[in-house]
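Since the model is a prediction, treat every value here as computed from it, not as a measurement.
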Amino acid sequence: MIILDLNLRLAHFLQPHLNEISLAIVATCLVIYGDKVNGFLKRAISSWVFVARVVAFILMCTFGYGLLTLWSQPLVYWLISQVDYLYRPLLIAGCFCLLGILAERKRNL
């Protein structure tokens, strides 16, 4: 019963911070997999003129990652909010643990 009460208190504590938590999950995913996005862009524009490649890279870094964050954060927020209230702390902790494992495997840590 103590564990259930502690979990319920943690769920209440996390509720007002779900926007920031979902943003942190999205930002962490972009950090972990940003090299794959950059590699895809690099392959796509490798035949372009130097100036066009630089402009494409600047646009991708400024607007591309911003739009990815802006569009995917509400989706992650919605997904977290669809999980039953009592399981949210476990889901959030599990997501960050999984992201930590993925970062370690990609040698980001």
Side-chain angles (χ1 to χ4, degrees):
M1 198 67 176
I2 294 173
I3 294 174
L4 186 61
D5 185 49
L6 182 63
N7 186 45
L8 189 60
R9 287 180 190 216
L10 186 58
H12 280 292
F13 174 75
L14 292 176
Q15 183 61 33
H17 304 288
L18 288 183
N19 276 328
E20 291 83 8
I21 291 168
S22 60
L23 182 61
I25 291 171
V26 169
T28 305
C29 287
L30 287 175
V31 167
I32 293 172
Y33 293 107
D35 61 333
K36 294 206 182 277
V37 175
N38 287 344
F40 175 76
L41 179 67
K42 186 177 180 180
R43 284 189 302 277
I45 66 171
S46 63
S47 63
W48 293 8
V49 180
F50 173 75
V51 175
R53 288 194 314 257
V54 170
V55 169
F57 182 74
I58 291 169
L59 290 175
M60 180 60 191
C61 288
T62 54
F63 298 110
Y65 286 118
L67 286 175
L68 279 171
T69 305
L70 187 67
W71 290 340
S72 58
Q73 185 268 341
L75 176 67
V76 173
Y77 175 83
W78 180 80
L79 289 170
I80 292 172
S81 65
Q82 296 302 306
V83 173
D84 189 44
Y85 200 67
L86 290 175
Y87 298 114
R88 283 185 197 165
L90 182 62
L91 172 74
I92 292 168
C95 284
F96 282 114
C97 286
L98 177 65
L99 288 172
I101 292 168
L102 292 173
E104 176 65 29
R105 286 189 177 174
K106 288 186 59 75
R107 308 259 187 228
N108 285 354
L109 290 178

Apply side-chain contact (heavy atoms from CB on, under 4.5 Å) to residues Val26 and Leu68 and explain how you reach the verdict.
CA-CA 9 Å; Val26 169; Leu68 279 171; over 6 Å; no

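Of all non-hydrogen atoms in Leu41 and Met60, the two that sit nearest each other are CD2-CB, 3.5 Å. Contact detail for Cys95 and Ile25: the closest heavy-atom pair is CB-CD1, 4.1 Å. The shortest non-hydrogen separation linking Leu99 to Cys29 is CD2-SG, 3.5 Å.
Considering CD1 of Ile21 and CD1 of Ile92, their distance stands at 4.0 Å, rounded to 0.5 Å. The line from CD of Glu20 to OH of Tyr77 is 10.0 Å long, rounded to the nearest 0.5 Å. One distance of note links OG1 of Thr28 with CG of Leu102; it measures 11.0 Å at 0.5 Å rounding. Within the model, atoms CG of Asp35 and NZ of Lys106 stand 4.0 Å from one another, a figure rounded to the nearest 0.5 Å. Atoms CG and CG, on Leu98 and Leu91 in that order, are 10.5 Å from each other to the nearest 0.5 Å. The CG atom of Leu90 sits 13.0 Å away from the CZ atom of Arg88 when rounded to the nearest 0.5 Å.
Cluster annotation: Ile80 is connected to Tyr87 through the hydrophobic network of ILVMFWY side chains, with a link wherever side-chain heavy atoms come within less than 4.5 Å. A single hydrophobic cluster is not seen to contain both Val55 and Trp48; linkage of ILVMFWY side chains at heavy-atom distances under 4.5 Å, directly or through other members, places them apart. Leu14 and Val76 end up in the same hydrophobic cluster when Ile, Leu, Val, Met, Phe, Trp and Tyr side chains are linked at under 4.5 Å. The cluster map of Ile, Leu, Val, Met, Phe, Trp and Tyr, joined by side-chain heavy atoms under 4.5 Å apart, puts Phe13 and Leu86 in different clusters.
Looking at Lys42 and Phe57, their side chains never come closer than 4.5 Å, going by heavy atoms from C-beta outward. Within the 4.5 Å cutoff, the side chain of Tyr65 has heavy atoms near those of the Asn38 side chain. Contact annotation: the side chain of Leu10 never approaches that of Leu6 to less than 4.5 Å [non-hydrogen atoms, C-beta and beyond].
Not a single donor-acceptor pair under 3.5 Å links the side chain of Arg53 to the backbone N or O of Ile45.
Tyr85 OH: more than 12 foreign heavy atoms inside a 6.0 Å radius. Counting heavy-atom neighbours within 6.0 Å of Phe96 CZ, excluding the residue itself, gives a total above 12. Within a 6.0 Å radius of CD1 in Ile3, no more than 12 heavy atoms belonging to other residues, nucleotides or ligands are found.
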